[in-house]
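Both ligands and their constituent atoms are indexed starting at 1 by order of listing. Basis for what follows: all heavy atoms, side chains included, without hydrogens, waters or symmetry-related copies.
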Amino acid sequence: MHDHPLARRTCLITGAGSGIGRAMALQFAHDGAEVALVGRSADELEAVAKQIRDSGGIAEAFVADVTDAPGMADIVERVVAQWGPIKVAVANAGANGVWAPLDKLSVADFRETLDNNLTGTFITLKVVYPAMKMHGGSMIVVSSINGTRIYSNRGSHAYSSSKAGQVALVKTLAPELGLDNIRINAICPGAIDTPIHDKTVRQGVEDPNGECADPHTAIPLTDNRPGEPEQVAKLARFLASDDAQHITGAVIHIDGAQSLGG
Ligand code: NAP
């Protein structure tokens with residue numbers, strides 16, 4: 001791995017104000033990238049941007065909901081005007097939403113989770129594509145072990161469906177975007193220590209310990225300790241870099257074997 005594998009590369013990361021997205025933003029900036037931080041909370045994004053700039057990096061906050069296609073397209077336009085073509089895009093923004101049994105989960109709540117996690121990913125990739133296709137690049141989608149290997153978290157129907165959909169999107173786009181020298185890969189984390197778990201709305205499936213609590217989803221590698229956002233960021237940095245130049249359409253689980261029956 002080079003010292004600055006992302007030097008002078010324009011990178012756009014959604015959900016960059018918190019958790020995994022924040023760790024990726026800090027990592028990418030450390031690796032020399034110009035980082036566009038996208039998310040809903042201006043305060044969170046500005047705090048990350050300031051932290052990056054204070055340590056000599058390059059970053060700017062752009063506020064948008066990833067489900068807002070015109071808003072996201074406008075951000076891409078501004079990023080390109082400022083730093084040039086986008087070389088790396090990470091569709092990371094996502095939320096657990098409402099977890100509830102089938103008869104309790106409302107259609108509106110199901111739609112909202114699909115909209116946030118799956119349609120939001122589609123929109124992110126779609127608006128970035130014109131800004132990447134001239135020069136090629138790397139797209140990374142943050143999916144989950146839920147919906148790809150784990151189906152035992154009660155009430156996670158909408159979340160798991162959205163995460164499964166993201167992987168299908170990555171696999172169908174890989175051959176298409178390969179013609180433009182764009183690689184696209186999915187990262188599937190297991191339980192990672194971020195604020196996402198506190199935001200889960202549980203209705204009839206109360207489980208205060210989140211993904212780790214299910215005895216079928218223990219984490220053998222760490223004696224059940226969740227992973228760190230920085231560990232996921234290091235995987236993203238590899239996928240974003242030239243060291244991954246023949247890797248596309250891959251689905252990489254990062255979970256300490258949580259999803260393999262610990
Ligand atoms: P997090 O700390 O809550 O960060 C997610 C960020 O995405 C938040 O800043 C959130 O903003 C933002 N976001 C959500 N919906 C958005 C939207 N529609 N538009 C713009 N921003 C939006 O959670 P995280 O754990 O880092 O999650 C990052 C990704 O990893 C998600 O896709 C998640 O599904 C995936 N993941 C996480 C874990 C885990 O255990 N942590 C495991 C597997 C997969 P708000 O605060 O406003 O919602």
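Below 30°, between 30° and 60°, or above 60°: for Phe62 and Trp83 the angle between ring planes is above 60°, a perpendicular geometry.
At least one N/O-N/O distance between Lys199 and ligand 1 falls below 3.5 Å. Residue-to-ligand polar distances place Arg40 within reach of ligand 1: an N/O pair is separated by less than 3.5 Å. Considering both main-chain and side-chain atoms, Ile145 never comes within under 3.5 Å of ligand 1 through any nitrogen or oxygen pair. Looking at Asn96 next to ligand 1, no N or O pair under 3.5 Å apart turns up. Inclusion of Pro189 in the set of residues having an N or O under 3.5 Å from an N or O of ligand 1 is not warranted. For ligand 1, the polar-atom distance check against Gly17 finds no nitrogen or oxygen pair separated by under 3.5 Å.
Checking Gly94, Gly71, Ala93 against atom 5 (C) of ligand 1, the nearest heavy atom belongs to Gly94. Closest heavy-atom approach to atom 40 (O) of ligand 1 among the candidates Ile192, Thr121, Val142, Val232: Ile192. Of the candidates Ile13, Val66, Ile254, it is Val66 that places a heavy atom closest to atom 19 (N) of ligand 1.
Panel note: side chain His157, backbone Ala100; a donor-acceptor pair is recorded below 3.5 Å.
Between the side chains of Tyr159 and Asn153, no donor-acceptor pair is found at a separation under 3.5 Å. Using a 3.5 Å distance cut-off with no hydrogens or angles, the side chains of Gln27 and Glu230 do not pair a donor with an acceptor.
How far OG1 of Thr121 is from NZ of Lys163: 6.5 Å, rounded to the nearest 0.5 Å. For the atom pair CG (Asp193) and CZ (Arg225), the distance works out to 10.5 Å, reported to the nearest 0.5 Å.
The contact set between ligand 1 and Ala191, taken as ligand atoms under 4.0 Å from a residue heavy atom, comprises 40 (O). In summary, the atoms of ligand 1 found under 4.0 Å from a heavy atom of Lys163, numbered by their order in the structure, are 31 (C), 32 (O), 33 (C), 34 (O). Near Ile20, with a cut-off below 4.0 Å to any heavy atom, the atoms of ligand 1 are 26 (O), 30 (O), 37 (C). Close approach of ligand 1 to His197 (heavy-atom distance below 4.0 Å) involves ligand atoms 39 (C), 40 (O), 41 (N). Ligand 1 places these atoms under 4.0 Å from at least one heavy atom of Asn116: 15 (N), 16 (C), 17 (C), 18 (N). Less than 4.0 angstrom separates some heavy atom of Gly19 from each of these atoms of ligand 1: 2 (O), 26 (O). Per-residue contacts place Ala64 under 4.0 angstrom from the following atoms of ligand 1 (heavy atoms of the residue considered): 20 (C). Residue Gly15 approaches ligand 1 through these ligand atoms, each under 4.0 Å from one of its heavy atoms: 6 (C), 7 (O), 12 (C).
Listed here is the closest heavy atom pair of Val127 and Ala69: CG1-O, 4.0 Å. Here the shortest heavy-atom pairing between Ile219 and Pro226 reads CD1-CA, 4.0 Å. Between Ile182 and Thr248, the shortest heavy-atom contact is O-OG1, 4.3 Å. Counting all heavy atoms, side chain and backbone alike, Leu12 lies closest to Val76 at CD1-CG2, 4.2 Å.
Paired with Ile20 under the rule side chain to side chain contact (heavy atoms under 4.5 Å, CB included), one option of Ile13, Asn92, Ile196, Ile187 passes, and it is Asn92.
Contact between Cys188 and ligand 1 is absent, with no heavy atom of the residue lying under 4.0 Å from the ligand. Not a single heavy atom of Gly120 sits closer than 4.0 Å to an atom of ligand 1. Look at Thr14 and you'll find every heavy atom at least 4.0 Å from all atoms of ligand 1. A heavy-atom separation below 4.0 Å is found between Pro195 and ligand 1. Contact annotation: Ala23 has no heavy atom less than 4.0 Å from any atom of ligand 1. Judged by the shortest distance from any of its heavy atoms, Ser143 lies inside the 4.0 Å radius around the atoms of ligand 1.
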### Task
Could you check Ile123 against Val66 for side-chain contact (heavy atoms from CB on, under 4.5 Å), going step by step and ending with a plain yes or no?
CA-CA 7 Å; Ile123 288 170; Val66 293; 5.9 Å; no

### Query
What's the verdict on side-chain contact (heavy atoms from CB on, under 4.5 Å) for Tyr129 and Leu177, showing C-alpha distance, side-chain angles and the deciding distance?
CA-CA 9 Å; Tyr129 176 58; Leu177 300 185; 3.6 Å; yes

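At a heavy-atom distance under 4.0 Å, no atom of Ala16 approaches ligand 1. Under 4.0 Å from ligand 1, the heavy atoms of Thr194 that appear belong solely to its side chain.
Salt bridge annotation for Asp242-Lys87: absent, with no cationic side-chain nitrogen under 4.0 angstrom from a carboxylate oxygen. A salt bridge does not link Arg111 with Asp115: every distance from a Lys NZ or Arg NE/NH1/NH2 to an Asp or Glu carboxylate oxygen is 4.0 Å or more.
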